[in-house]
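Input: a single structure, listed below in structure tokens.
To find a chain, count down the sequence lines: A is the first, B the second, and so on, and within it residues start at 1.
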There are 2 protein chains.
Amino acid sequence: MTETRWLDAVEMAAWHAFLFAYHRLEKRIEEQLKADAGLTHPQYEILVKLSSLPDHQMRMTELARGLVISKSALTYQIGQLEKAGLVRRTDCPGDDRGVLAVLTDEGMECLRRIAPAHVEVVRKYLIDRITRDELITLTRAMGKANQAMQATG
Amino acid sequence: MTETRWLDAVEMAAWHAFLFAYHRLEKRIEEQLKADAGLTHPQYEILVKLSSLPDHQMRMTELARGLVISKSALTYQIGQLEKAGLVRRTDCPGDDRGVLAVLTDEGMECLRRIAPAHVEVVRKYLIDRITRDELITLTRAMGKANQAMQATG
DNA sequence: CTACTGTTGTTCAGATTTGAACAATCCCTT
DNA sequence: AAGGGATTGTTCAAATCTGAACAACAGTAG
């Protein structure tokens, strides 16, 4: 057991600012999406992810991994989105185990309608508040962290 | 209704990297805390917050605001921590409505025991991965966002 | 073809979160 | 002192998340 390398003041400040900013931003985003579209942030992210694909569809497991949520949470949320008519399930060609989540036209339309207000929040509280340099540095720093977390889930 | 200012490629990259990194880091932290201490991240943050105060105590509402969780979630979690003997409730002197959450000696001891492993995770996947400059820029950027979210909750 | 191992998506029970409602209390004005 | 509006912490039902268990299927070696 090595001696603990505690965080110094600068490291602590960064970590706390990061956590605090995320939590507050998440809350704003949730409020906006709920009020304007009756969706949760995870649900919105599912729609965004699907819409970014050429065929607007993706395997359940891959989708869960991409959004960093559990498989069972995704099963639940896809069920909700299916009820709302924004997503539907399809058999996966070539793998009878598989299920494809497919964005419906209605889902795409819904996304088009609500995305502007969402982007507005992201801009207002983060993107438009920081400089281009800070934006790039943020991306690089987060990228390094993501790289470190690449392996094993 | 103004024309929507969509995110350009750089902005999109920053936003996605930020969200993705947070989610994955959160998952790692949850896994570590659950395995090593049987605590959730919110519970751990309550202990940290209380331990950072001179008298190791804080009003419920202020605590909820500081941790950016709902009052009812805090009521629940303080209940859990009370069961575990890590926190106790006390009447608030000068305000009969108030309740103080107080870190117990056992809670402080628990924190001392588990903090090293937690810090290790934060270092391994974020702090130690980025340069000092990136750390400072990250703090400044998050600070600006937090400032923008200052008002109204 | 059969056995074996890994993957897939769902289900289930339990834990946690949210927001609204609520009673109790505070504070300010009159 | 008394009313009116705000704040405090809790409760409750509903929604959501987690992790383990599970059945179905895929892929591989024998």
Candidates dT10(D), dT25(C), dC25(D) - which lies nearest the side chain of Arg97(A): dC25(D)
Base of dG9(D), side chain of Thr75(B) - is there a donor-acceptor contact under 3.5 Å? no
Does Gln77(A) put a side-chain nitrogen or oxygen below 4.0 Å from OP1 or OP2 of dC17(D)? yes
Would you tell me if any nitrogen or oxygen in the side chain of Gln80(A) comes within less than 4.0 Å of OP1 or OP2 on dA15(D)? no
Report the distance from atom NE2 of His41(B) to atom P of dT16(C), rounded to the nearest whole Å. 15 Å
If I take atom CG in residue Leu81(A) and atom C1' in nucleotide dT16(D), what distance separates them, rounded to the nearest angstrom? 13 Å
When the nearest nucleotide of DNA chain D is assigned to Thr61(B) and to Ala73(A) on a heavy-atom basis, which residue is associated with the more 5' position? Thr61(B)
Separation of Gln43(A) atom CD from dT18(C) atom P, in whole Å? 15 Å
With heavy atoms under 4.0 Å as the rule, sort Glu30(A) into base, sugar-phosphate or nothing. nothing
Checking dT10(D), dA15(D), dT17(C) against the side chain of Tyr76(A) (C-beta onward), the nearest is dA15(D)
How many Å lie between CZ on Arg59(A) and P on dT10(C), as a whole number? 11 Å
Side-chain (Arg123(B)) to main-chain (Arg5(A)) donor-acceptor, under 3.5 angstrom: yes
Taking atom types as they are modelled, is there a donor-acceptor pair under 3.5 Å from the base of dG19(D) to the side chain of Ser72(A)? yes
Below 4.0 angstrom from OP1 or OP2 of dG19(D), is there any side-chain N or O of Ser70(A)? no
Under 30°, 30 to 60°, or over 60°: which ring-plane class applies to His41(B) and Trp15(A), parallel, tilted or perpendicular? parallel
First encountered from the 5' end of DNA chain C, between Asp95(A) and Lys71(B): Asp95(A)
Donor-acceptor pair, Arg129(B) side chain versus Lys124(B) backbone, under 3.5 Å? yes
If you check the Asp96(A) side chain, which of dG9(D), dC25(D), dG9(C) turns out closest? dC25(D)
Does any non-hydrogen side-chain atom of Leu19(B) lie less than 4.5 Å from one of Glu45(A)? yes
Without decimals, in angstroms, what is the distance between Leu67(A) CG and dG9(C) C1'? 16 Å
Thr104(B) side, atom OG1; Glu82(B) side, atom CD - distance, nearest 0.5 Å: 10.0 Å
Round to a whole Å and report the spacing from CG of Leu74(A) to C1' of dT16(D). 13 Å
Is the closest side-chain heavy-atom distance between Leu74(A) and Ile46(A) below 4.5 Å? yes
Identify, between Lys34(A) and Gly98(B), the residue whose nearest nucleotide on DNA chain D lies closer to the 5' end. Gly98(B)
In whole angstrom, give the distance that lies between atom CG of Leu63(A) and atom C1' of dG9(C). 13 Å
Testing dA24(D), dT16(C), dT8(D) for proximity to the side chain of Arg65(B), the answer is dT8(D)
Which whole-number value in Å describes the distance from Ile78(B) CD1 to dT16(C) P? 13 Å
